[in-house]
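Encoded as structure tokens, the structure appears first; notes follow it.
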There are 2 protein chains.
Amino acid sequence: MSLRIALLGLLTAYGSASGYDLTKGFERSVAHVWQAGHSQIYPELAKMTADGLVTVEAEGARGRKIYSITPEGRAELRAWLIGHDPTGPTRSEVALQAFLLPLLEPREALDVLERLKSHMEHKLAELEALRASKQAASTPERTSGVRFGDLALDLGLRQVRTSLQWADDAIAQIGRQTSTEEGAAPS
Amino acid sequence: MSLRIALLGLLTAYGSASGYDLTKGFERSVAHVWQAGHSQIYPELAKMTADGLVTVEAEGARGRKIYSITPEGRAELRAWLIGHDPTGPTRSEVALQAFLLPLLEPREALDVLERLKSHMEHKLAELEALRASKQAASTPERTSGVRFGDLALDLGLRQVRTSLQWADDAIAQIGRQTSTEEGAAPS
DNA sequence: TCGCCCATGTAACCGGTTACATGATTCA
DNA sequence: TGAATCATGTAACCGGTTACATGGGCGA
């Protein structure tokens, strides 16, 4: 269901677009929030056409089909935003590693945490770059006076920073305990 | 793959357990990090037995099979924790709603944010209750001097608090803009 | 003309969810 | 004896990923 919504959202933002455009759009803008490859998008667009949520507005060169959203599609999108409770189950590999971490020796656990941390630093850099590039290009505002995608980007940035803080604290906590218990000086 | 790991982790913590126990264990302890129903767990245990990661230690009343982890299983778990990069794609319905929110009228957007907020408050309460109950029952410590699952719980709590903060700020931001633009007094 | 990008699709597979199905044990 | 819980399994389905397959247009 959410794939539909994401497609309807992008189509609203773009006005009209081909499956190819939407695939690229996924990579660029929605990527850190939702992912989908072309092999998922093309069949979904076909189904959505059958359901009357989008229409093939025109057919361009080399089989290119240009889709646009219909009033029914707009209604569906609006209904989902207003009415859908996001109950999506949280399945996180990072959290699972965190969960199981105490099964390891402290030294090993510290290594894992360091790796997680650098992973998060990488992601933070990515999101910050994205924000910078969005600020440069002045995307048109939407009704709420906030740019499309900005709220999600802000949320993502905060969450990554929180995770980083958590990793630092966990490292400190375990590091402190090992040096206390063993009476050994940290390297 | 991660289902295997979670099962191996629980088996390590429990010593030995039946599929039924593990199903309940999922509901109780790993739930906010990873979910799995019995219909997924039973076949997976069968496969893991075939792969030599667990063994049926004994068969109890009414067909109850008691599994325990093998040295190979322990090795697999350790290898995953130490070596696996958690690249699991972030697919979040909350983030998707956040992303698309600027497509709505400010008033409607505010409603959605309020609903998201109360959702998060609910989850926060849940996690805090879980932490309280864990503190009461003194679960045995593991090698790192941190209790099994505690790091993940801490991470979860921080993330929910961050999300809540985000929702509050987003509400303030949009609310401010609407009242400024319209010159109307907030209800 | 050769290679790259545009552009669309299909098929096999995998992990996960929901629903179907069955039977033993325990307790009121 | 009837209801609840213990206990295990299978099957249909759905969303998503990877890989396969094809062909048009454009620029060097």
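Chain letters run A, B, ... following the sequence lines, proteins first and then strands; every chain starts at 1.
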Notebook entry, point to check: Should the pair A:Arg161-A:Glu128 be classified as a salt bridge under the 4.0 Å nitrogen-to-oxygen rule?
Noted result: yes

Note to self: Could you check whether any side-chain N or O of B:Gln97 sits under 3.5 Å from a backbone N or O of A:His84, counting only pairs where one atom can act as donor and the other as acceptor?
What the structure shows: yes

Check: For the residue pair B:Val146 and B:Asp150, what are the closest heavy atoms and their distance?
Finding: CG1-CB, 3.9 Å

Next item on the list: Assign B:Gly37 to base, sugar-phosphate, or nothing according to its heavy-atom contacts below 4.0 angstrom with the strands shown.
Entry: nothing

Next item on the list: Check every strand shown and say whether A:Ser39 touches a base, only sugar-phosphate, or nothing at a heavy-atom separation below 4.0 Å.
Entry: base

Checklist line | Reported OG-to-CD distance for the pair A:Ser163 and A:Gln159, which is rounded to 0.5 angstrom | finding: 7.0 Å

Notebook entry, point to check: When you look at B:Asp21 and B:Lys65, which way does the salt bridge (charged side-chain N to carboxylate O under 4.0 Å, His left out) test go after all the steps?
Noted result: CA-CA 10 Å; B:Asp21 296 334; B:Lys65 288 181 198 161; over 6 Å; no

Item checked: Ion pair check, B:Arg4 and B:Asp51, cut-off under 4.0 Å -> yes

Check: To the nearest angstrom, how far is B:Arg62 atom CZ from D:dT8 atom P?
Finding: 10 Å

Note to self: Return whichever of B:Gln35 or A:Gly19 has its heavy-atom-nearest nucleotide of DNA chain C closer to the 5' end.
What the structure shows: A:Gly19

Checklist line | Whole angstrom value for the distance that separates P of D:dC6 from CD of B:Glu27 | finding: 10 Å

Item checked: Residue closer to the 5' end of DNA chain D, A:Gly63 versus A:Leu3 (nearest nucleotide) -> A:Leu3

Next item on the list: Select base, sugar-phosphate, or nothing to describe what A:Thr23 touches, counting heavy atoms under 4.0 Å on all strands.
Entry: nothing

Note to self: Rounded to whole Å, please give me the gap between OH in B:Tyr20 and P in D:dT5.
What the structure shows: 9 Å

Checklist line | Of A:His38 and B:Asp21, the one whose closest DNA chain D nucleotide lies more 5' | finding: B:Asp21

Checklist line | Interface limits on DNA chain C, where chain B has a heavy atom under 4.0 Å of a nucleotide atom | finding: C:dG16 to C:dT25

